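Here is the structure we will look at, set down as structure tokens.
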2 protein chains.
Amino acid sequence: MNEKNKLPTMYWQDNRLCILDQRFLPLKVEYRSCKNCSQIIDSIKEMSVRGAPAIGITAAYGMAIAALNALEEGYNKDKLLTSLDEAASNLIMARPTAVNLFWAVQRMKNLIQKQKESSPQQIFESLLTEAKKIHDEDVNNNRMIGYYGSELVPEKASVLTHCNAGALATCGYGTALGVVRAAVKQGKDIHVFVDETRPLLQGSRITAFELLNEDISATLVTDSAAGSLLSGNKVDLILVGADRIAANGDVANKIGTYTLAVLADYHNVPFYVAAPVSTIDMTVESGESIIIEKRCSSEITYLDGHLTAPEGITAFNPAFDITPAKLITAIITERGVVCRPDREKLNKLF
Amino acid sequence: MNEKNKLPTMYWQDNRLCILDQRFLPLKVEYRSCKNCSQIIDSIKEMSVRGAPAIGITAAYGMAIAALNALEEGYNKDKLLTSLDEAASNLIMARPTAVNLFWAVQRMKNLIQKQKESSPQQIFESLLTEAKKIHDEDVNNNRMIGYYGSELVPEKASVLTHCNAGALATCGYGTALGVVRAAVKQGKDIHVFVDETRPLLQGSRITAFELLNEDISATLVTDSAAGSLLSGNKVDLILVGADRIAANGDVANKIGTYTLAVLADYHNVPFYVAAPVSTIDMTVESGESIIIEKRCSSEITYLDGHLTAPEGITAFNPAFDITPAKLITAIITERGVVCRPDREKLNKLF
């Protein structure tokens, strides 16, 4: 289902971006058709589309759609450029932690800079072409991540993963799950323990769904069970994605990742992070400077629209946490594996 | 609400045991009226009543009800004793991990042994009296646990707790939350972070409810957020209950407890276990020999009756994990605090 034509994370059709609404998975497969930039932003904010690489690509299409809307409004070039600036600002504010959003929007802005002589129509066309290019590059990057990462996976291995760093966090194949897919394809005997990943259950709803659909052996567990799996020697390696990697190798990823890294360290089990180079933010010194998105407390206090906690209780809901570089065995990118990451080693990727 | 007459965990009335059905908290306050032993067993299995001390007390009443049922059937003494034996066997099989169930049933069996000359009616009456005595002792034990434990709590402290070791896991006041209550009563400035505790959300549903009802400052978090709270220096101590403590000080408690103990160790934060002496099982050498209950996978794959994971995925749902004694700063009992627990120190409690 990670192949483009099976269940794509998103596709462009008739001047609209159709986004698989992942909030309803695995029970309902429904695409959200976006014809303007604010619909794109809502899809990112409401997490119809999630996963750092996927929201980057969505934002790139968002810029193309903003240009298209300006064309449809009959804006002149100045007004088009102003509206693209506005779209860029709004898109990067949709979610604060994943750097791929900034990265993709910046790439589109760089392209606009080069279009001084182009017509509005040409600007739209070049933005759309660039968005499609970012989309295609993502799948190729993931395959390279899979290729490099699979070398770290033993012939027989039990892997623990958290959240979803799969085909649906990207535009196919996946980062952490890309490594799993590549290892399975090489004939390795892989079992995956899937953390359900509260509060939004991306593990249960998306990772379990992806693995089941591909007949990759998987077991779902609560996030709390990881410690007991590790103490029972049931996990050979931990493999997660990333939302932003600081210059020193600190990693922002789904809340709970840091706990897994501490457990891995305590149990002497390797802890790998798989992410494209676009997730590395060399402008941020360390994890301390990464903004951690705080999401709505109702994600914790409500389940399926039903209150499960007492009315009036305060809930604290950070969407991500920071894992310091010292707890990371290696970062796996499309340009190779960086063992015991630090600024110098990460710099060499660029 | 932990006071006996506010919202009791259970009460005896008109020859029935009325058990607060904690599955429906905090949205619905409903008592399950049990008039025979199999209803009692169902209440334990289905977790209408939960928490090691509370299920011990429930089982004690279960033995009294079994005697009452035998009386109502007009059984002679031999038949009554046989049916009590049967009730005892069934009660201790209701849930395998919490030792208080065995402890309470054994106490009732010891009493039966002493009733060689008694009539069926006298046996019933003495069993009921004993159950009520265990019930009363529990509240007193918890107050003593609170008294001893509060000495370990600084004047201003942020406490992290997991699951519910409160008034409703016992018959009032609570073990871990008993310590919190005692510290608050002493005028200490206490804030409690409450792990929601998947899969059954005893933290959200019960601990948050207890603390909110008593105006104790509390914040609900996902289980995954503990690491990030600790790395942000937001937690001064971790305080949990126990379902069984082995002779060497290893502790079986709600799944996720072990992870918290590893995090506490990594962050140099004290990790305390509060439990009555009846939770200590000197017949079990170490945590390795404690049977860990595996519960139904649907507790993970369904929320409020709705499937949230793909149909066909395997889920692994251990209800407890083992925290080794070496990760435990102290065990707090009604007979005093045992620092860095081991067999010798625990033996002195008896």
Side-chain angles (χ1 to χ4, degrees), chain A residues 25-27 162 193-199 201 203-205 208-209 211-213 218-231 254-263 265-267 292 297 300-301 303-304 306-318 320-322 324, chain B residues 25-27 162 193-199 201 203-205 208-209 211-213 218-231 254-263 265-267 292 297 300-301 303-304 306-318 320-322 324:
Chain A
L25 289 178
L27 299 185
H162 191 65
F193 283 106
V194 179
D195 273 358
E196 62 173 2
T197 318
R198 282 282 293 156
L201 301 172
S204 307
R205 295 190 300 100
F209 175 67
L211 294 172
L212 195 72
N213 283 356
T219 304
L220 185 64
V221 290
T222 62
D223 305 323
S224 273
S228 130
L229 292 176
L230 279 151
S231 73
K254 180 57 57 201
I255 188 78
T257 301
Y258 170 68
T259 295
L260 295 182
V262 171
L263 284 169
D265 184 62
Y266 189 79
H267 290 281
I292 298 294
S297 65
I300 299 178
T301 54
L303 287 178
D304 249 353
H306 297 101
L307 190 65
T308 52
E311 198 128 16
I313 190 78
T314 306
F316 176 57
N317 185 18
F320 306 97
D321 60 24
I322 303 292
Chain B
L25 290 179
L27 300 185
H162 190 66
F193 284 105
V194 180
D195 273 357
E196 62 172 2
T197 317
R198 282 282 293 153
L201 299 171
S204 309
R205 295 191 298 99
F209 175 67
L211 295 173
L212 195 72
N213 282 356
T219 303
L220 184 63
V221 291
T222 62
D223 305 323
S224 274
S228 131
L229 292 176
L230 279 151
S231 72
K254 180 56 58 199
I255 188 79
T257 301
Y258 170 68
T259 294
L260 296 182
V262 171
L263 285 169
D265 183 63
Y266 190 78
H267 290 280
I292 299 293
S297 65
I300 299 179
T301 55
L303 286 180
D304 249 353
H306 297 102
L307 190 64
T308 53
E311 197 129 18
I313 191 76
T314 306
F316 176 58
N317 185 18
F320 306 96
D321 60 24
I322 302 292

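Computed from a predicted structure; not experimentally measured. Side chains included, hydrogens not; waters and symmetry mates left out as well; all remaining heavy atoms used.
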Best-contacting candidate, A/Ala309, A/Ser228, A/Ser231, A/Pro199, against chain B by heavy atom pairs under 4.5 angstrom
A/Ala309
For A/Leu211 and A/Ala218, which heavy atoms make the closest approach, and how far apart are they?
CD1-CB, 3.9 Å
Winner by heavy-atom pair count (cut-off under 4.5 Å) against chain A, out of B/Gly227, B/Gly203, B/Ala208, B/Ser224
B/Ser224
Toward chain A, the part of B/Leu27 with a non-hydrogen atom under 4.5 Å:
side chain
Test your reading of the model: is there a side-chain donor-acceptor pair from B/Asp321 to the backbone of B/Gly256, 3.5 Å cut-off?
yes
State, with a plain yes or no, whether a side-chain heavy atom of A/Thr219 is found less than 4.5 Å away from one of A/Val194.
no
Is it the backbone or the side chain of B/Asp265 that comes under 4.5 Å from a heavy atom of chain A, or both, or neither?
side chain
Please report the interatomic distance OG1(B/Thr257) to CG(B/Asp195), rounded to the nearest 0.5 Å.
9.0 Å
Between A/Ala261, A/Ser297, A/Ala315, the one whose heavy-atom pairs under 4.5 Å with chain B are most numerous:
A/Ala315
Proximity breakdown for B/Leu230 and chain A, heavy-atom pairs closer than 4.5 Å
neither
Proximity breakdown for B/Leu201 and chain A, heavy-atom pairs closer than 4.5 Å:
side chain
Top of B/Asn317, B/Thr308, B/Ile322, B/Asp223 for chain A proximity - count of heavy-atom pairs under 4.5 angstrom
B/Thr308
Please list, chain by chain and in numerical order, all residues satisfying salt bridge (charged side-chain N to carboxylate O under 4.0 Å, His left out) with B/Arg198, sequence neighbours excluded.
A/Glu196
Pick one of side chain, backbone, both or neither for B/Leu212, based on which atoms fall under 4.5 Å of a heavy atom in chain A.
side chain
The reported gap from CD1 in B/Ile300 to CZ in B/Phe316 (rounded to nearest 0.5 angstrom) is 9.0 Å
Run the ring-ring contact (aromatic ring centres under 6.0 Å, His included) test against B/His267 and tell me which residues pass, sequence neighbours left out.
A/Tyr258
